[in-house]
Amino acid sequence: MVSADLPAGLSDWQQAPRVRALNDRPSVGAGRYVLCWLQQALRAYDNPVIDAAVRLGNVLRLPVLVYHGVREDYPYASDRLHHFILGASVDLADGCRRRGLAFVRHVDREGQREKGLVYRLAAEAAVVILEDQPTFVARWQSERVATRVDVPVFTVNAACLVPPALIGINVRGRTAFLRCHEPERAHWSTWDEEVADVKPYAGALPFTPDRSENADLVALIANLDIDHSLPASSMHPAGRVAAEARLARLVAEVLPGYASARNDATRPDGASGLSPYLHFGVLGPREIMAALQGARAGGQHKRKFADELLGWREWFHFQAHALAAPERYDRIASWASETLAAHTGDARTEQETLAALIHGETRDETWNACQRQFLIDGWMHNNLRMYWGKRLIAMTPSPEAAWATACYLSDRLSIDGRDPSTYGNIAAMFGGSPSDRERPIYGRVATRGDGSTRRREGGTEWLAAASLRSVPRVSIPSEVPVDPYLTGEATI
Ligand SMILES: Cc1cc2nc3c(=O)[nH]c(=O)nc-3n(C[C@H](O)[C@H](O)[C@H](O)COP(=O)(O)OP(=O)(O)OC[C@H]3O[C@@H](n4cnc5c(N)ncnc54)[C@H](O)[C@@H]3O)c2cc1C
């Protein structure tokens with residue numbers, strides 16, 4: 001839908017290209033509020049989803065009700081993900097109240113089940129505003145809800161600085177993408193936060209909202225039917241305060257050396273560590289770029305960071321929006337799937353069990369060092385991820401199994417998993433430029449060594465120590481699970 005078809009409040013909005021209609025319900029209903037349903041854009045300020053809801057609320061003279069719900073049965077639900085999500089949710093609630101908006105949360109659990117809560121909340125709404133996420137649960141849930149409710153549903157992009165819809169649909173490569181993306185950045189770097197004209201919604205609700213604050217979360221999460229074997233990450237504390245501290249560290253300590261230190265996995269301060277906060281929208285790209293403006297760092301560092309945050313991250317978001325199922329193996333380059341298929345009969349002497357892979361207890365010391373970052377920290381350094389991913393092609397029975405295993409390990413263990421960057425980068429590890437050499441198992445897909453870490457001063461010692469870090473013993477499934485949203489078996 002083009003912006004001209006959007007209702008007043010969204011169409012005249014300077015950010016209309018962020019907005020898409022998800023269904024064709026003709027007109028705004030006679031509801032009591034504008035429902036703003038957040039799944040992953042978990043910040044109260046500089047959040048285009050909330051701003052869109054407030055704008056529409058102001059036009060309709062209706063209050064906004066912000067809703068965030070967490071269930072026990074989303075794939076890979078664990079202490080790690082629940083802590084990160086709910087910690088962000090508590091701060092989101094505070095921020096919404098400060099903005100004069102009503103916020104309600106539901107954590108689904110034994111004794112407090114709320115079947116079809118989103119539908120019941122939508123039934124009382126005039127219109128539903130939700131976020132445009134191109135991967136995993138958020139995408140499938142939004143699409144499903146939009147087909148089943150009687151009111152209009154609009155989806156708003158909050159993940160990117162430049163709305164992906166502005167990039168031409170015929171754009172195929174990253175160079176062409178950057179040609180469209182770069183000229184747009186300045187325009188989308190400024191914004192006016194929308195202020196609610198209408199008092200917070202204080203009317204009836206179809207459920208009793210959850211009031212848990214940070215202090216209650218540990219006990220709450222301990223009683224849920226989720227994977228308790230995977231603990232929260234101490235490297236990435238949940239919530240807005242932790243995210244702001246990480247951003248301040250980037251500006252003061254990381255950015256001044258970023259272009260040269262970023263590829264050094266042995267340095268704890270070489271990269272920003274922001275990806276978990278970006279994935280769950282605790283921070284948005286616009287405020288990160290704004291914070292960088294005043295940083296005392298050379299232009300080469302700022303440019304390099306912008307290339308990662310905007311040039312790469314938003315390229316993968318754009319790709320994911322263009323694909324029906326970005327999480328599927330069939331997205332990889334056809335030459336790559338052909339050359340890999342031609343080698344499926346090759347001997348695979350380096351295969352490992354799923355238990356050895358998950359715990360980082362394989363015969364490959366470097367791989368174990370990488371995997372233990374995922375398992376312990378819930379994050380992996382960028383420079384290790386390509387080695388980690390490419391080696392899986394030899395460590396699993398087939399290229400399809402390597403794909404599924406890479407997605408599973410990222411999605412379950414890494415806080416920034418389940419993201420457009422997850423599947424885009426995993427696809428890139430199967431593609432890139434074809435190698436001149438034809439190798440066993442890999443065919444013409446390029447391999448990757450560990451020299452960029454091992455050859456550094458102290459690199460060999462660092463890898464040895466990192467491969468021996470003590471890991472939590474986590475549950476091991478009998479086989480790599482298939483994402484139920486890909487098989488159509490998911491319910492909401
Ligand atoms: C095989 C493989 C799998 C990956 N899986 C994920 C994933 O699940 N989730 C994820 O967010 N990133 C993923 N990446 C990209 C990248 O490794 C991480 O974004 C980065 O390591 C996060 O650390 P950081 O925040 O310190 O990055 P920094 O170096 O500080 O970069 C700043 C930000 O730029 C973005 N960025 C940096 N590198 C990339 C990249 N290659 N692609 C897209 N965005 C990038 C991230 O949002 C990051 O937070 C993957 C890369 C590879 C090679």
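Positions are given from 1 along the sequence. It should be emphasised that the depicted structure is a prediction, and the values quoted were computed from it without experimental measurement. Counting starts at 1 for both ligands and their atoms, following the listed order.
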Just say parallel, tilted or perpendicular for the rings of Trp388 and Phe374, cut-offs at 30° and 60°.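 It falls in the perpendicular class, over 60°.
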Asp79: what forms a salt bridge (charged side-chain N to carboxylate O under 4.0 Å, His left out) with it, not counting sequence neighbours?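 Scan of Asp79 (salt bridge (charged side-chain N to carboxylate O under 4.0 Å, His left out), adjacent residues dropped) gives none.
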Can the positive tip of Arg328 be found less than 6.0 Å from the middle of the six-membered ring of Trp403, inside 45° of the ring normal?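 Not satisfied by the 6.0 Å and 45° rule.
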Please round to the nearest 0.5 Å and tell me the distance separating atom CD1 of Ile50 and atom CG of Leu92.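 Taking CD1 in Ile50 and CG in Leu92, the distance rounds to 5.5 Å.
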Flag the pair Tyr423 / Phe316 as yes when their ring centroid distance falls below 6.0 Å, and as no otherwise.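 Between Phe316 and Tyr423, which both carry aromatic rings, the centre distance is not below 6.0 Å.
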Just by distance, no angles: are the side chains of Arg456 and Thr266 close enough, under 3.5 Å, to form a donor-acceptor pair?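 No pair is found: no donor N or O on one side chain lies under 3.5 Å from an acceptor on the other.
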Around ligand 1, what residues show up once you keep those with a heavy atom under 4.0 Å from it?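 Answer by chain and number: Tyr258, Arg262, Ala271, Ser272, Gly273, Leu274, Ser275, Leu278, Phe305, Glu308, Leu309, Trp312, Arg313, Phe316, Trp379, Met380, Asn382, Arg385, Met386, Asp416, Gly417, Ser421, Thr422, Asn425.
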